[in-house]
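Please read the structure below before turning to the comments.
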Amino acid sequence: MRLGPAIRAISVLSALLFSGVFVSCGGGSMSTKSPAKLTLIKIAPSKPALAKGTTMQLVATGVFSDGTEQTLDASLTWQSNKSSVATIDAQGNVTGADEGVALVSASSQGITGSASVTVGLPTLLSIAVSPFQSSLPLGESEQLTATGSFSDGTVQDLTQSATWTPVAPTIASASAQGLVTGVSEGVTQVSADYQGVTGSASITVGVPALLSITLGPDQSSLPLGESEPLTATGNFSYGAPQNLTQSVTWTSSGAAIAVTAQGTVTAQKLGVARVFAVYQGVTGAASVTVGPPALLSITVSANQLSLPKGESEPFAAIGNLSNGTTQNLTQSASWSSSVSTIASVGTGGTVVANAVGTSTISATSASVTGAANLTVTPPVPIALNINPPTLSIVLEGSRQLQAIATMSDGTTQNMTGTAAWSSIEPAIVSVSPGGLVTAQQVGSATILAQSNNLSASASLTVIPLMAVSYFSLIDSVNAGVDGTYRLINPGLTAGNSSAGSLCAMVYVFDQNQEMNECCGCAISDSGLLTLSLLNDLTANTLTGNAPRAGQIKVVPSTPGPNQQCNAASPSPNGVVVGWGTNAQNPSTGASPITEEEFSLVPLYGGEATVMENLCSYIQQLGSGSGICTCGTGG
């Protein structure tokens with residue numbers, strides 16, 4: 001390059017000019033002039049003001065003796081009289097160190113220029129918004145912060161001082177304190193402004209966030225064996241709560257409860273357990289206390305729910321518990337009847353039917369009630385009795401029996417005409433369809449009556465008939481007239497007209513009721529037996545003394561072995577009727593002879609036994625005396 005020597009020549013010339021040497025080239029000669037001197041230094045700006053921490057370039061201008069001015073950038077010495085307020089470097093860059101006023105100077109060639117520097121407050125350089133980028137669920141809020149960076153290198157929290165403004169307030173709102181809330185899904189900028197400086201952040205608003213899960217009920221007391229559905233409600237950052245029962249994952253702690261996938265809790269064991277619902281990382285919890293099994297319902301029952309008036313029926317109350325078991329509450333339940341005039345109920349559940357109609361029988365325990373309907377129907381027979389229940393009836397006699405039903409309400413009803421009558425021993429006693437009994441032969445019989453599936457019985461004893469007549473032997477002797485006694489077998493023995501002969505067992509008593517004679521005389525069927533008072537009945541007395549008067553007792557009896565009639569061993573049966581003629585006392589002037597029918601009277605067992613024993617003694621101890629004859633002396 002050929003430019004190099006020319007540039008160097010220009011530089012030398014400039015130096016010479018600056019030093020005051022003037023070189024003249026003309027006419028082949030050079031002249032020299034004295035250089036101009038520095039007379040004044042001016043600093044610009046003359047009164048600089050800057051913020052703390054900021055730097056300003058000062059310029060020093062030299063004024064020379066020749067009136068010229070020139071910027072001085074070399075051979076200068078810069079100084080500050082208060083370096084704590086302002087510092088200045090060799091190039092004239094002044095920096096504010098602290099608030100205040102300092103004097104800075106520039107010196108060269110013994111000349112000094114100065115300027116007063118005022119250092120003020122630091123200036124805000126920038127604002128940083130944090131977080132710079134944020135993803136915010138719809139409805140949720142987030143606090144932004146604004147940090148200012150100042151000229152002195154400090155930073156300051158401007159969150160409460162800045163003015164917050166969202167670019168799209170339909171997406172996000174911002175409070176005066178920088179709290180940003182998602183309004184709708186989208187992206188927007190939020191700016192913080194202070195002293196003309198702005199900082200911003202990007203806000204992305206997404207779908208609402210699940211904040212919490214609430215379980216209902218929060219605390220549950222559940223009887224053993226019972227179940228309860230729980231609900232899980234999601235609380236979101238925006239919008240109404242949502243039912244998450246079918247969406248959450250259900251779990252439980254402890255063996256006291258079990259929970260299904262749908263949130264139904266079942267009490268399995270006494271104690272306390274926790275149940276949890278989890279969804280999108282959020283958990284809700286509830287406490288469940290399992291207590292004794294609860295009474296769910298009461299079943300009221302009875303063997304009969306239709307009861308005749310007057311009858312009673314025990315009702316039962318069975319409690320159905322929450323754990324599937326049952327409990328008998330019959331004695332502990334509180335019983336009631338909806339219509340007590342129709343049916344009343346006692347403490348232990350016994351119901352009494354009072355009147356025809358319908359009533360509801362209820363049992364209550366622990367505020368739980370069970371009920372059953374009872375229908376009261378008209379009274380029904382509950383017992384049947386024959387009146388009289390025992391009866392003694394003479395042979396050939398009849399007696400009307402009555403069948404009386406005792407009704408369920410305590411009343412009675414005559415069932416004689418409708419009852420079914422029967423005799424277990426019809427040969428002894430027969431009974432008509434209307435309850436009329438007739439003695440057929442001596443013995444015992446049972447009569448039955450049946451009605452409405454009820455039966456009753458009566459015990460009947462057939463008593464043999466004894467023919468009785470009185471005599472006066474003294475009247476017969478005084479009148480000279482023998483008494484005659486005729487005994488007839490009417491052929492009605494044991495209800496059979498062809499029963500054959502009977503024995504007339506004859507027992508003769510004197511006026512002192514002592515047996516004088518006895519004998520057994522056969523009477524054929526429909527036959528007649530005539531006895532003489534003097535020659536047959538009083539001719540062979542045991543004492544040998546004829547009685548003055550007395551009584552003749554004739555007992556019809558079935559013949560013994562070989563058709564023998566032995567008055568000492570009678571078998572009372574059959575019927576014998578008789579008539580007797582007796583002489584009268586002549587002094588009365590009445591008819592000398594009267595006829596009188598034998599009286600038929602019952603022969604009771606005690607009397608028959610006495611006569612049987614007395615006759616046996618006569619036969620054994622009388623040596624032939626005391627034995628009457630059967631008509632041979634007539």
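Predicted, not measured: the structure shown is a model, and the values here were computed from it.
- Taking each heavy atom of T416 and Q400 in turn, the nearest pair found is CG2-NE2, 3.8 Å.
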(request) Could you give me the CA-CA distance, side-chain angles and deciding distance for F471 and I552, then say whether side-chain contact (heavy atoms from CB on, under 4.5 Å) is met? (result) CA-CA 7 Å; F471 68 89; I552 301 169; 3.7 Å; yes
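- With hydrogens and angles disregarded, a donor-acceptor distance shorter than 3.5 Å links the side chain of S408 to the backbone of V380.
- Heavy atoms of other residues, nucleotides or ligands lying less than 6.0 angstrom from CG of N243 number more than 12.
- Taking both residues in full, the closest heavy atoms of A277 and L215 are given as CB-CD2, 3.6 Å, listed atom of the first, atom of the second, then distance.
- Of the possible donor and acceptor atoms, one in the side chain of N489 sits under 3.5 Å from a partner among the backbone N and O of I523.
- When every heavy atom of V442 is checked against every heavy atom of I463, the shortest pair comes out as CG2-C, 4.4 Å.
- Counting heavy-atom neighbours within 6.0 Å of F276 CZ, excluding the residue itself, gives a total above 12.
- The closest side-chain donor-acceptor pair between S338 and S359 falls under 3.5 angstrom.
- Between T541 and E517, the side chains place no donor N or O within less than 3.5 Å of an acceptor N or O (distance only, hydrogens not considered).
- Between T341 and N354, the side chains place no donor N or O within less than 3.5 Å of an acceptor N or O (distance only, hydrogens not considered).
- Residues T364 and T369 have side chains that bring a donor and an acceptor to within less than 3.5 angstrom of each other.
- Distance check: Q402 CD to T412 OG1 gives 10.0 Å after rounding to the nearest 0.5 Å.
- Not a single donor-acceptor pair under 3.5 Å links the side chain of S337 to the backbone N or O of S344.
- A side-chain N or O of S220 and one of E228 form a donor-acceptor pair less than 3.5 Å apart.
- No donor-acceptor contact under 3.5 angstrom links the side chains of T326 and N320, judged on distance only.
- If you check the side chains of S398 and T438, you find a donor sitting under 3.5 Å from an acceptor.
- Each of T446, I424, N385, L384 was scored for a side-chain contact (heavy atoms from CB on, under 4.5 Å) with S457, with one residue passing: T446.
- Judged by distance alone, the side chain of N566 and the main-chain N or O of G560 form no donor-acceptor pair under 3.5 Å.
- Side-chain atoms of E612 and S616 form no donor-acceptor pair, as typed in the model, at a separation below 3.5 Å.
- To the nearest 0.5 Å, atom CD1 of residue I428 and atom OG of residue S444 are 6.5 Å apart.
- How far CG of L542 is from SG of C628: 12.0 Å, rounded to the nearest 0.5 Å.
- Minimum interatomic distance between S469 and Y485 (heavy atoms only, all atoms of both residues): OG-CE2, 3.8 Å.
- Closest of all the heavy-atom pairs between P556 and V576 is CB-CG2, 3.5 Å.
- Test T264, V259, V265 against W250 for side-chain contact (heavy atoms from CB on, under 4.5 Å) and you get one pass: V259.
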(message) Assess the residue pair C630 and C519 against the criterion (disulfide (SG to SG under 2.5 Å)); give the C-alpha distance rounded to whole Å, side-chain angles, the decisive distance to 0.1 Å, and a yes or no.
(response) CA-CA 8 Å; C630 296; C519 58; 4.3 Å; no
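- Atom-to-atom distance recorded for I593:CD1 and T581:OG1 is 5.5 Å, nearest 0.5 angstrom.
- Inspection of the Y507 and N516 side chains reveals no N or O donor paired with an N or O acceptor under 3.5 Å.
- Here the OG atom belonging to S526 is positioned 11.0 Å from the CG atom belonging to L528, to the nearest 0.5 angstrom.
- Here the straight-line distance linking atom CG of N573 with atom CG of L465 works out to 10.0 Å at 0.5 Å rounding.
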